[in-house]
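Quantities reported herein were computed from a predicted structural model and do not represent experimental measurements.
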Amino acid sequence: MRGFACAHHAEKRHRLDRTLNSLSKRGYIGSYHYEKGAKYRPFSALLPEGSNPKMLYVKLVLLILMCGSFVSLLNSPSIHHNDDHHTQSSAGAPRVSCEPDDSRYVSDVTVDWPKISKAMQLVAGAEDGGGGGGGARVALLNFDDDEVQQWRTALPRTAATVARLERAGSNVTWEHLYPEWIDEEEVYHAPTCPDLPEPAVDADADGDGGGEEVAVFDVVAVKLPCRRGGSWDEVAPRDGDVWLYRPDADALRRDLALPVGSCRLAMPFSALAAPHVAAPPRREAYATILHSEELYACGALVAAQSIRMASASGAPSEPERDMVALVDETISARHRGALEAAGWKVRAIRRVRNPRAAADAYNEWNYSKFWLWSLTEYDRVVFLDADLLVQRPMSPLFAMPEVSATANHGTLFNSGVMVVEPCGCTLRLLMDHIADIDSYNGGDQGYLNEVFSWWHRLPSHANFMKHFWEGDSGERLAAARRAVLAAEPAVALAVHFVGMKPWFCFRDYDCNWNSPQLRQFASDEAHARWWRAHDAMPAALQGFCLLDERQKALLRWDAAEARAANFSDGHWRLPIADPRRNICATAAGDGEAAAACVEREIKNRRVEGNRVTTSYAKLIDNF
């Protein structure tokens, strides 16, 4: 048999209903009248005028005989499970709960009973003596009634019980599962999720007469509506469409304890302070990516410094984890050496182009982030964008599954901090569909949200955005967010620097204050904390955070514009004491001609050619 029997029959019934309705509307049914005294002939209404009704009866009888023969053939034991298996009736066989109008759960895989019997022998082991199953307790999910009976006939020594999954309630919607905001800190009430149906079995499924609420099975057999395998350990190699897995019970319990969707936190705020110690051998790592340009190298150096500082402030048993930096061919040998000196294990990658990005756009190569899934020497990786500052140990995140992240907006997560589980299969999936999947923001974040639509919500403190939305100024929300950034000791695990990055500003204050478009990202407290981590680096590494002359000119321009607009925060009044103001980045780095260090001025326009500082509008639009 193929698929759900009830779904197959319902499909034929609906087709017949549509045919009858169509005939009725055309006047072929329910509108035929006989003349007075005319002899009634069944089916004559459907006969062409002048045809012989006797031939119709002959054809009808032949049709009935053919249908009967076909039905008998379908139910033949040789069709279902070879000559050595015979069908037995079972009036008490449980019915399968199915949705006849929903084809998504119908499997078209033909059940291969000899292979299933072979798999059950592997489960039973030597004690079975080749009998197939050896009294194993089996739950059958997504098998139709005929297939359940065939299982019991082909594998009579197993105790097979039907498991049912009912349809989810009407309140289980995408909006309920993935709300835009939840009360993470439970100031007003604890977030809740809609209930999902659990598998239901007979009251005494385990056969002990006690009617336990939770039945215990040796095997769960599932007929899947798709052909993708699970991520469990295989007990035996795949044999056609029969896959035998041994699930990790502890991992299953952890996964079942997680909320479905982001309607609740996957880990409570209190868990952020709990250290996670990996079982030896350690296979966990932090990772970041640098591609297309070296402008973020300074951020990656300070990020490494902050990871070490935060780990040192944690529990004494906090294990040291690898830090891996994926870099493409545009990152120079000099910068790669600096990354290694900062503690990163540098791994070369081939950059991946976003086919929908314009040439030289900010998102042209950011699909390179997919190479994270190539780090298969690690079981779990916590990815950090290079513009993050780690303030507290990130170790609790290593206890979370893929993909765990903080909310961005709506039903979407932010890809700046992610927990991923490297896998070659996932990498191939991401790479193979680059041309097929649209990204809502044109970048890797939108793409990953399309692929990992089921994700786990981390507390916002795991990736705290340095962002104060328009209209928040002077209100409770803005004040609360600034309090988090200013807290001593730090309460957020990591701060995400949106807008102009700290190393693109003079260290005296957050230069986002001087731009009308970027003021929503300004925080002097977060800015000062980043510079404290910078100052803890060796002087040789600090040299990678110098300003080029174009950026200095832009900063002076923005301050002059803020002065002209008389911005009320008054940052434009502060004198600049940053020693980098008088250091030439080009001369210090590459030894080029001193002409490159001539101070530049802007006359009524921005300096062209600086990709970081001339795309404010794009930065805002794509945040």
Side-chain angles (χ1 to χ4, degrees), residues 286-300 303 324-332 335-336 339 344 346-375 381-388 402-403 405-406 408-409 412-420 422 426-453 455 463 465-467 494 496-501 503-504 521 610-623:
Y286 298 98
T288 194
I289 293 179
L290 294 177
H291 59 82
S292 303
E293 50 193 340
E294 297 166 344
L295 293 168
Y296 277 71
C298 170
V324 181
L326 304 178
V327 302
D328 69 12
E329 59 272 21
T330 65
I331 308 302
S332 69
H335 283 82
R336 295 187 188 200
L339 292 169
W344 293 106
V346 176
R347 174 83 62 83
I349 59 171
R350 173 179 53 84
R351 59 180 179 170
V352 180
R353 190 179 189 282
N354 178 353
R356 292 178 173 82
D360 294 329
Y362 84 101
N363 61 342
E364 183 177 9
W365 302 102
N366 60 7
Y367 281 9
S368 302
K369 187 177 287 188
F370 301 162
W371 286 113
L372 283 171
W373 279 267
S374 70
L375 299 174
V381 168
V382 170
F383 169 76
L384 304 171
D385 268 340
D387 56 352
L388 273 106
E402 179 183 86
V403 159
T406 58
N408 194 72
H409 69 281
L412 308 172
F413 63 84
N414 185 278
S415 61
V417 173
M418 296 187 299
V419 181
V420 304
T426 305
L427 176 63
R428 287 193 299 273
L429 183 149
L430 294 171
M431 295 296 192
D432 289 347
H433 294 280
I434 285 175
D436 307 329
I437 298 177
D438 288 328
S439 167
Y440 80 88
N441 68 343
D444 63 274
Q445 180 166 295
Y447 187 103
L448 292 173
N449 268 278
E450 291 293 330
V451 175
F452 297 102
S453 54
W455 54 279
N463 177 17
M465 310 298 290
K466 188 175 72 75
H467 183 204
H496 200 157
F497 287 85
V498 191
M500 195 78 80
K501 313 306 177 186
W503 61 96
F504 296 143
F521 305 125
N610 191 332
R611 293 172 57 186
V612 174
T613 58
T614 58
S615 300
Y616 285 173
K618 281 186 177 181
L619 189 151
I620 301 300
D621 291 342
N622 292 285
F623 171 64

Query raised in the report: Going by the salt bridge (charged side-chain N to carboxylate O under 4.0 Å, His left out) test, which pairs reach into residues 428-437, not counting sequence neighbours?
Result: none

Requested in this report: Taking ring pair (Phe, Tyr, Trp, His ring centres under 6.0 Å) as the test, write out the residues that go with His496, two or more places apart.
Outcome: none

Query - Within-4.5 Å side-chain heavy-atom neighbours: Ile289 and Phe383 - result: yes

Query - Separation of Leu339 CG from Thr288 OG1 (nearest 0.5 Å) - result: 9.0 Å

Report task. Evaluate the criterion side-chain contact (heavy atoms from CB on, under 4.5 Å) for residue pair Val420 and Leu375; output intermediate values, then yes/no. Result -> CA-CA 10 Å; Val420 304; Leu375 299 174; over 6 Å; no

Query raised in the report: Under a 4.5 Å cut-off applied to non-hydrogen side-chain atoms, are Met431 and Tyr367 in contact?
Result: no

Requested in this report: Begin from the C-alpha positions of Tyr296 and Asp385 and carry the test side-chain contact (heavy atoms from CB on, under 4.5 Å) through to its verdict.
Outcome: CA-CA 10 Å; Tyr296 277 71; Asp385 268 340; over 6 Å; no

Query raised in the report: Which heavy atom of Arg350 sits nearest a heavy atom of Glu329, and at what distance?
Result: CA-OE1, 4.2 Å

Query raised in the report: If you look at every heavy atom in Asn414 and Met465, which pair is closest and at what distance?
Result: ND2-CE, 3.6 Å

Report task. Would you indicate whether the side-chain heavy atoms of Val381 and Pro422 approach each other to under 4.5 Å? Result -> yes

Side-chain polar contacts of residues 446-453 - donor-acceptor pairs under 3.5 angstrom, sequence neighbours left out - could you list them?
from, atom 1, to, atom 2, distance (Å)
Tyr447, OH, Leu430, O, 2.6
Tyr447, OH, His433, O, 3.3
Tyr447, OH, Ile434, N, 3.4
Asn449, OD1, Phe413, N, 2.9
Asn449, ND2, Phe413, O, 3.0
Asn449, ND2, Gln445, O, 2.9

Query raised in the report: Quick one: are Phe370 and Thr426 in side-chain contact, heavy atoms under 4.5 Å?
Result: no

Report summary line: Scanning both residues in full, the closest heavy-atom pair of Gly442 with Asn354 reads O-ND2, 2.5 Å

Query raised in the report: Could you walk me through whether Leu295 and Lys501 pass the side-chain contact (heavy atoms from CB on, under 4.5 Å) check?
Result: CA-CA 10 Å; Leu295 293 168; Lys501 313 306 177 186; over 6 Å; no

Query - Heavy-atom donor-acceptor pair, Trp503 side chain to Gly299 backbone, under 3.5 Å - result: no

**Report entry** Heavy-atom pair with the smallest gap, counting every atom of Leu388 and Ala303
**Finding:** O-CB, 3.7 Å

Query raised in the report: Looking only at heavy atoms, what is the nearest atom pair of Ser415 and Asp444, with distance?
Result: OG-OD2, 3.1 Å

Query raised in the report: Okay, side chain of Arg356, backbone of Ala435: is any donor-acceptor separation there less than 3.5 Å?
Result: yes

Report summary line: Heavy-atom nearest pair, Tyr440 first then Asn408, reads OH-ND2, 3.8 Å

Query raised in the report: Could you walk me through whether His291 and Trp371 pass the side-chain contact (heavy atoms from CB on, under 4.5 Å) check?
Result: CA-CA 11 Å; His291 59 82; Trp371 286 113; over 6 Å; no

Query raised in the report: To the nearest 0.5 Å, how far apart are CD1 in Ile349 and OG in Ser368?
Result: 5.0 Å

**Report entry** Check: Tyr286 ring centroid to Trp344 ring centroid under 6.0 Å
**Finding:** no

Query raised in the report: Do Arg353 and Glu364 sit within salt-bridge range, that is, some charged N less than 4.0 Å from a carboxylate O?
Result: yes

**Report entry** Beyond-backbone contact of His335 with Leu290, side-chain heavy atoms, under 4.5 angstrom
**Finding:** no

